[in-house]
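Worksheet: one structure, shown below.
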Amino acid sequence: MKDDLKNVLFSEDEIKQRVGQLGARITHDYAGASPLLLGVLKGSFIFLADLARTIELNCEIRFIAVSSYGLASFTSGRVEFDSNLDFEIARRHVILIEDILDSGETLTALRSFISGYCPASLKICSMLDKPARRKVPISADYLGFECPDEFIVGYGLDYAERYRNLPYIASLKPEIYT
Ligand code: PRP
């Protein structure tokens, strides 16, 4: 697996330190509240697991499945997700948790969808941002790192459903995906 990588962009230690900072900020900003951490599947699962353990609040944790094809009944552009929520959003402080902001289409669609349920507040927390790829204007309220316009894997991010389990974030050699 390591032979397929070009560069390590963010090491395990760097990630741990940054995630701890984000968790401390969220703990401070939501003091006295019980935010709903809403993880966007599948890429966010490792980030959310680590981040949640650094937030010293009585959080609720939920997930929403997003796909670029075929899942469900709410569609915006290429983004589709399961719109049958089995939990309450109204009057909740919701934080969308993502692994990466790329074109911005996923979070734009999701933010619009969740807003329709009248949350008390709605923020975005993303581990990575790839601004060079943005198609729609959106930014994270809580951001781990900006990353270059390369094929990135690890810490939840995949290529063909592999490399998600790398404990660091790396770029993939072009010959692997071309
Ligand atoms: C990735 C990532 C984000 C989305 C970001 O998901 O996890 O959800 O793309 O891209 P965007 O800003 O261009 O919309 P992907 O569709 O690869 O699914 P996955 O999370 O299951 O890997």
Side-chain angles (χ1 to χ4, degrees), residues 1 4-6 8-10 12 15 18-19 22-23 26 35-52 61-85 87 89 94-117 119 122-174 176-178:
M1 186 159 66
D4 299 346
L5 305 179
K6 188 173 143 202
V8 172
L9 298 172
F10 305 106
E12 216 173 331
I15 292 170
R18 191 70 188 124
V19 170
L22 292 175
I26 290 171
L36 166 56
L37 308 182
L38 184 53
V40 184
L41 291 173
K42 302 186 281 288
S44 71
F45 77 108
I46 290 178
F47 176 42
L48 177 49
D50 284 349
L51 179 69
I61 297 176
R62 303 276 187 174
F63 291 92
I64 187 163
V66 177
S67 168
S68 47
Y69 61 91
L71 243 190
S73 42
F74 183 94
T75 305
S76 171
R78 67 171 178 83
V79 182
E80 298 186 12
F81 44 89
D82 186 350
S83 60
N84 295 314
L85 298 183
F87 51 92
I89 295 286
V94 179
I95 309 176
L96 298 174
I97 311 290
E98 258 291 22
D99 55 341
I100 188 164
L101 249 173
D102 198 313
S103 73
E105 288 177 344
T106 301
L107 279 173
T108 298
L110 202 47
R111 187 173 61 177
S112 161
F113 174 63
I114 297 296
S115 293
Y117 285 86
L122 180 56
K123 302 263 186 187
I124 291 171
C125 177
S126 183
M127 185 64 204
L128 294 171
D129 185 4
K130 203 190 268 185
R133 299 257 305 173
R134 196 74 89 255
K135 287 189 190 156
V136 287
I138 188 166
S139 58
D141 301 286
Y142 301 95
L143 175 66
F145 302 108
E146 265 194 20
C147 63
D149 189 10
E150 296 186 74
F151 205 115
I152 309 249
V153 294
Y155 202 64
L157 288 107
D158 74 310
Y159 171 62
E161 302 301 333
R162 294 169 59 196
Y163 307 101
R164 291 193 200 270
N165 58 318
L166 288 171
Y168 45 81
I169 295 168
S171 56
L172 203 56
K173 286 180 180 166
I176 302 299
Y177 60 87
T178 51

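Just so it is clear, the values below take in all heavy atoms, side chains as well, and ignore hydrogens, waters and symmetry mates. Atoms within a ligand are numbered from 1 in the order they appear, just like the ligands themselves. For the single chain, residues carry numbers from 1 onward in sequence order.
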contact_flag Val66 ligand 1 heavy-atom lt 4.0 Å: no

Does the side chain of Glu161 come within less than 4.5 Å of Lys42's, by heavy atoms? yes

Supply the atom-to-atom distance Ile64 CD1 to Leu110 CG, rounded to the nearest 0.5 angstrom. 5.0 Å

For Lys130 and ligand 1, answer yes if some heavy atom of the residue is under 4.0 Å from a ligand atom, otherwise no. no

Taking only non-hydrogen atoms of Ile100 and a 4.0 Å limit, the atoms of ligand 1 in range are 2 (C), 3 (C), 5 (C)

Please tell me if the side chains of Pro119 and Leu36 come closer than 4.5 Å, counting only heavy atoms from C-beta onward. no

Ser115 side chain vs Arg111 backbone, donor-acceptor pair below 3.5 Å: yes

So does Asp102 get a backbone contact from the side chain of Arg133, meaning a donor-acceptor N/O pair under 3.5 Å? no

Give the C-alpha distance, both sets of side-chain angles, the deciding distance and a yes or no for side chain to side chain contact (heavy atoms under 4.5 Å, CB included) between Leu128 and Leu157. CA-CA 10 Å; Leu128 294 171; Leu157 288 107; 3.8 Å; yes

Mark up the atoms of ligand 1 that fall under 4.0 Å of a heavy atom belonging to Lys42, in ascending order. 19 (P), 20 (O), 21 (O)

Honestly, for Thr106 the part within reach of ligand 1 (heavy atoms, under 4.0 Å) is both

Any N or O of Leu101 closer than 3.5 Å to N or O of ligand 1: no

List the steps, then state whether salt bridge (charged side-chain N to carboxylate O under 4.0 Å, His left out) holds for Asp129 with Arg134. CA-CA 9 Å; Asp129 185 4; Arg134 196 74 89 255; 2.7 Å; yes

Geometric N/O contact Gly43 with ligand 1, under 3.5 angstrom: yes

Is it the side chain, the backbone, both or neither of Arg133 that has a heavy atom closer than 4.0 Å to ligand 1? neither

Would you kindly specify which portion of Leu41 sits under 4.0 Å from ligand 1, judged on non-hydrogen atoms: side chain, backbone, both or neither? backbone

Would you mind running through ligand 1 and noting each atom that sits below 4.0 Å from a heavy atom of Arg164? 19 (P), 21 (O), 22 (O)

So is Thr108 touching ligand 1 or not, going by heavy atoms under 4.0 Å? no

Run the numbers for me: atoms of ligand 1, each under 4.0 Å from some heavy atom of Gly104, listed by number. 11 (P), 12 (O), 13 (O)

Any side-chain to backbone donor/acceptor pair from Lys130 onto Phe151? Under 3.5 Å, distance only. no

Please determine, by modelled atom types, if Tyr155 and Asp50 share a side-chain donor-acceptor pair under 3.5 angstrom. yes

With a cut-off of 4.0 Å, which atoms of ligand 1 are near a heavy atom of Ser103? 11 (P), 12 (O), 13 (O), 14 (O)

A student checking ligand 1 against Glu105 at a 4.0 Å heavy-atom cut-off should list atoms 12 (O), 14 (O)

